[in-house]
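The structure appears right after this line, and notes come after that.
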2 protein chains.
Amino acid sequence: MWYVTTTDAFLADCRARLAFDLLTNTWNPVVLWALREGPRRPVELRERIGGISSKVLTETLRRLRYNGLVTRRTPPDTPSAVEYGLTPLGRTLLTPIDAFGAWAFEHGDEVMAAQEAACRPTAAEHHSPSHSPATPASSLRQNQA
Amino acid sequence: MWYVTTTDAFLADCRARLAFDLLTNTWNPVVLWALREGPRRPVELRERIGGISSKVLTETLRRLRYNGLVTRRTPPDTPSAVEYGLTPLGRTLLTPIDAFGAWAFEHGDEVMAAQEAACRPTAAEHHSPSHSPATPASSLRQNQA
DNA sequence: CAGGATCCCCCAAGATACTG
DNA sequence: CAGTATCTTGGGGGATCCTG
């Protein structure tokens, strides 16, 4: 990812790509979202998110801290504990992320339907018999539900 | 990524994760964005986007087609050409993506500032001399500008 | 419980070369 | 120019063990 200068204002802009890079990471948006309601301890985060290992969570949080989106503080009352929370900057990211959440709720079914339709060619499709492209039927799927 | 059922409505919802998975890919959002103004041919896409190889572009487009976000058609006037465009469903994704673009323009500088600040500890920081955590100073950065 | 250190796997993405 | 086929690699992410 090396930020070429083109004529397109959005695609060429470093900051735009930077925002995408923030998203591009598997756990970044999920963790940010999990912090939306307030500071949380790692254990809470892990059980709220589900499917994330302790190591990866730590890495993700450190990355987010590095980018100024997350704070780490050890509450004075229980010095052994740790709490992660959103910075003001991180909080501003919730709006765009929320937009995606809303989109998912609205159109998620359509995506899944499209995926299924793509798998089963509906049999109404007359394909040149010798030329069946034989799409590997994998590596297209984004996730393995 | 295996979709655990927790109490959190958003994190547990398969469709929400699905939307994140759509974003999580490096080139998906960029390509979608590049198609925002109308159908484009692969060459155009490559020069508009910049830094994407022919192979990866093809893969990305196929993936997006698989998810019902992009159409591929060969225009009747020039049967040798190919054009990719957004489906109605794909078009709906532009809104959330746009939200991120807007965020990037507004807060991109702050992120970069935070990164710099994290690199240079500003010298005002009194760190326990023997305990310098020696953070690897890499693998935190999302991109290598 | 927090989180560092290690080892390992796998796949997205790059480079290159070839077909239509 | 569009797309495929190989080969290769970097690094994200899982598993496991070990410390404070």
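Letters go in sequence order (proteins before strands), and every chain restarts at 1.
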Length of the line joining Asn25(B):CG and dG14(C):P, which is rounded to integer Å: 11 Å
With sequence neighbours excluded, what pairs up with Thr92(B) under the side chain to side chain donor-acceptor pair (under 3.5 Å) test? Trp103(A)
Just how far, in rounded Å, is P of dT4(D) from CZ of Arg63(B)? 13 Å
Output the single nucleotide from dA13(C), dC1(D), dA2(C) whose closest atom is nearest the side chain of Val43(B). dC1(D)
Backbone N or O of Arg41(A) within a donor-acceptor pair of the Glu44(A) side chain at under 3.5 Å? yes
Using whole Å, what does the distance between atom C1' of nucleotide dA2(D) and atom CZ of Arg41(B) come to? 9 Å
Send over the distance from Ile52(B) CD1 to dA13(C) C1', rounded to a whole Å. 10 Å
Donor-acceptor pair, Asn67(B) side chain versus Arg63(B) backbone, under 3.5 Å? yes
Touch check for Thr58(A), heavy atoms < 4.0 angstrom, all strands: base, sugar-phosphate only, or nothing? sugar-phosphate
Main-chain N/O of Val82(B) paired with Thr74(B) side-chain donor or acceptor, under 3.5 Å: no
Return the set of residues passing side chain to side chain contact (heavy atoms under 4.5 Å, CB included) with Ser80(B) (not counting sequence neighbours), or none when no residue passes. none
Rounded to whole Å, the CZ-C1' distance (Arg62(B) to dA2(D)) equals 12 Å
To the nearest angstrom, how far is Leu57(A) atom CG from dA15(D) atom P? 15 Å
Would you mind classifying the nucleic acid contact of Ser80(A) as base, sugar-phosphate or nothing, using non-hydrogen atoms under 4.0 angstrom? nothing
Please pick, from dG3(D), dA2(C), dA13(C), the nucleotide with the shortest atom-to-atom distance to any side-chain atom of Arg72(B). dG3(D)
Verdict with supporting geometry, Leu94(B) and Leu86(B), side chain to side chain contact (heavy atoms under 4.5 Å, CB included): CA-CA 10 Å; Leu94(B) 287 181; Leu86(B) 295 174; 3.7 Å; yes
Rounded to whole angstrom units, what separation is found between the CH2 atom of Trp27(A) and the C1' atom of dG14(D)? 11 Å
Spacing between Arg65(A) atom CZ and dG4(C) atom C1', to the nearest angstrom: 13 Å
Report, one pair per line, the protein and nucleotides 15-20 of chain C atoms (nitrogen or oxygen only) whose separation is under 3.5 Å.
none

